[in-house]
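In what follows, a single structure is set out as structure tokens and then discussed.
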There are 2 protein chains.
Amino acid sequence: MSQRSRQIPEATVARLPVYLRSLAELVDEKTSTVSSERLAEMAGVNAAKVRKDLSYLGSYGTRGVGYDVEYLLFQMSRELGLTHDWPVAIVGAGNLGSALANYGGFTQRGFPVVAMFDSDRQKVDNLIHGVRVFHTDDLASTASKLGVGIGVIATPASAAQDAADKLVAGGVGSILNFAPTVISVPEGVSLRKVDLALELQILSFYQEHRESSE
Amino acid sequence: MSQRSRQIPEATVARLPVYLRSLAELVDEKTSTVSSERLAEMAGVNAAKVRKDLSYLGSYGTRGVGYDVEYLLFQMSRELGLTHDWPVAIVGAGNLGSALANYGGFTQRGFPVVAMFDSDRQKVDNLIHGVRVFHTDDLASTASKLGVGIGVIATPASAAQDAADKLVAGGVGSILNFAPTVISVPEGVSLRKVDLALELQILSFYQEHRESSE
DNA sequence: GTGATCTTGTGAATACAAGCACTAGCGTCG
DNA sequence: CGACGCTAGTGCTTGTATTCACAAGATCAC
């Protein structure tokens with residue numbers, strides 16, 4: 001059963017949510033069928049890529065017609081694991097952590113924040129946007145008890161690796177890291193990062209090189 | 001002069017800031033020389049990749065010895081365009097935009113926020129973390145006047161494309177998009193995106209598939 | 001029904017990235 | 001001063017992702 005679908009390439013997985021959003025828009029505007037070309041335009045990619053990406057999910061299109069929007073949306077949600085909620089824990093109750101907790105979009109999209117953690121005992125037992133703050137000493141056990149699947153690291157860089165280790169110890173399988181540092185996790189744990197400074201520096205590179213060539 | 005260095009691959013550019021951070025750490029701990037192996041470990045990549053990446057910048061290492069930390073740091077900063085500031089404008093003075101403006105890290109790292117823009121006249125002329133809010137009607141002209149190089153889009157999805165268009169009209173060459181939507185920019189303008197929901201959904205995919213195979 | 005027109009699904013070609021494994025050069029130690 | 005050990009630089013192989021281009025299936029008009 002685990003081998004239901006051939007391995008989906010990483011690059012494809014990263015694009016599925018973009019298609020998903022496009023499909024949601026199409027539903028909103030009551031469009032029932034969509035071609036790979038239209039979907040490609042909405043997602044900002046090439047049509048052949050859309051078709052190949054979607055073909056990994058199965059043959060859900062109809063030649064000469066296109067894809068049924070609702071059906072594809074459902075299949076994709078299922079594939080992405082969005083048909084049920086994924087409890088999320090946020091480590092670090094500072095500016096960023098609080099901002100993330102306050103940002104309603106999480107829960108709304110199926111990622112309810114069920115706990116926050118901080119090493120500052122002053123913050124422990126506070127409620128942030130209705131979410132209770134626990135001490136990081138209790139991270140692993142609490143995360144495990146609450147069935148946390150995804151951990152978000154919003155600590156300073158120096159505490160990030162420790163946070164990751166504790167999350168993993170608590171059985172968390174996926175980590176989203178906002179701390180500006182490289183962290184390592186055991187094989188089998190998924191890790192993605194969001195790093196502002198890094199993004200700006202990449203843009204700076206291209207900015208610099210564009211200027212010098214004009 | 002613009003052809004000083006052979007074209008640096010995108011994947012390499014995206015890693016340079018990671019090396020840069022590692023080098024900064026090494027300077028802090030007073031290390032004067034570093035091998036590709038050590039740097040690879042710090043950056044979480046393979047040593048051969050480090051050497052290849054650095055070789056695009058020039059031959060700054062010494063065989064049998066390694067790289068001089070300070071010298072490499074300098075060269076890399078230069079290449080990344082970090083030897084001077086890049087004025088940044090933030091479009092959207094809502095929760096996210098304000099949080100970004102309040103986050104000191106920007107200015108500190110050479111990306112001073114020189115202006116914010118919002119379509120809500122109530123917010124115009126407010127100061128957020130010392131940064132004045134302008135109306136989006138004046139976006140292009142103000143951005144141009146202030147010499148903004150990088151624009152950050154922190155608007156709702158529906159306003160993002162318009163914000164991008166105005167930034168481009170104002171001469172902005174690089175855009176960092178936080179809005180959960182695909183935006184398009186003319187050739188020659190750099191575009192990167194940061195999208196929370198998307199990251200969580202990608203993690204959800206792997207989470208889902210890990211579970212089903214255990 | 002048959003031909004014209006779409007649009008998917010996919011094999012093959014191309015482009016890009018990663019990693020290995022070797023070579024060249026530097027420093028050091030005996 | 002010669003041999004050895006270390007480490008950068010890089011050609012080549014392998015793997016992955018993108019794109020092209022076309023055949024196969026579906027619909028529609030008449």
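Every chain is numbered from 1, with letters handed out A, B, ... down the list of sequences.
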Partner set under side chain to side chain donor-acceptor pair (under 3.5 Å) for R63(B), not counting sequence neighbours: none

Residue-level proximity of residues 61-71 of chain B to DNA chain C when a heavy atom falls under 4.0 Å: T62(B), R63(B), G64(B), V65(B)

Nearest-angstrom distance from the residue atom CG of L72(B) to C1' of dA8(D): 12 Å

Under the side chain to side chain donor-acceptor pair (under 3.5 Å) test, residues paired with R21(A) that sit two or more places apart: D195(B)

Heavy-atom pair with the smallest gap, counting every atom of V168(A) and P186(A): CG1-CG, 3.8 Å

Reading 5' to 3' through nucleotides 12-22 of chain D, protein heavy-atom contacts under 4.0 Å coded B for base, S for sugar-phosphate only, - for none: B----SSBBB-

Interatomic distance where OH belongs to Y60(B) and P belongs to dG9(D) [whole Å]: 11 Å

Parallel, tilted or perpendicular: ring planes of F117(A) versus F134(A), cut at 30 and 60 degrees: tilted

Sugar-phosphate only, base, or nothing, as touched by V45(B) at under 4.0 Å among non-hydrogen atoms: nothing

Sequence neighbours excluded, every pair satisfying salt bridge (charged side-chain N to carboxylate O under 4.0 Å, His left out) that has a member inside residues 36-55 of chain A: R15(A)-D53(A), E29(A)-R38(A)

Minimum heavy-atom distance A164(A)-I183(A), with the two atoms named: CB-CD1, 3.8 Å

Under 4.0 angstrom between S55(B) side-chain N/O and dG9(D) OP1 or OP2: no

Separation of dA21(C) P from E37(B) CD (nearest whole Å): 15 Å

Pair listing, salt bridge (charged side-chain N to carboxylate O under 4.0 Å, His left out) test, anchored in residues 147-163 of chain B, at least two apart: D162(B)-K166(B)

Atom-to-atom span, CD of Q7(B) to P of dA15(C) - whole angstrom: 16 Å

CG/N95(A): more than 12 non-hydrogen atoms of other groups inside 6.0 Å: no

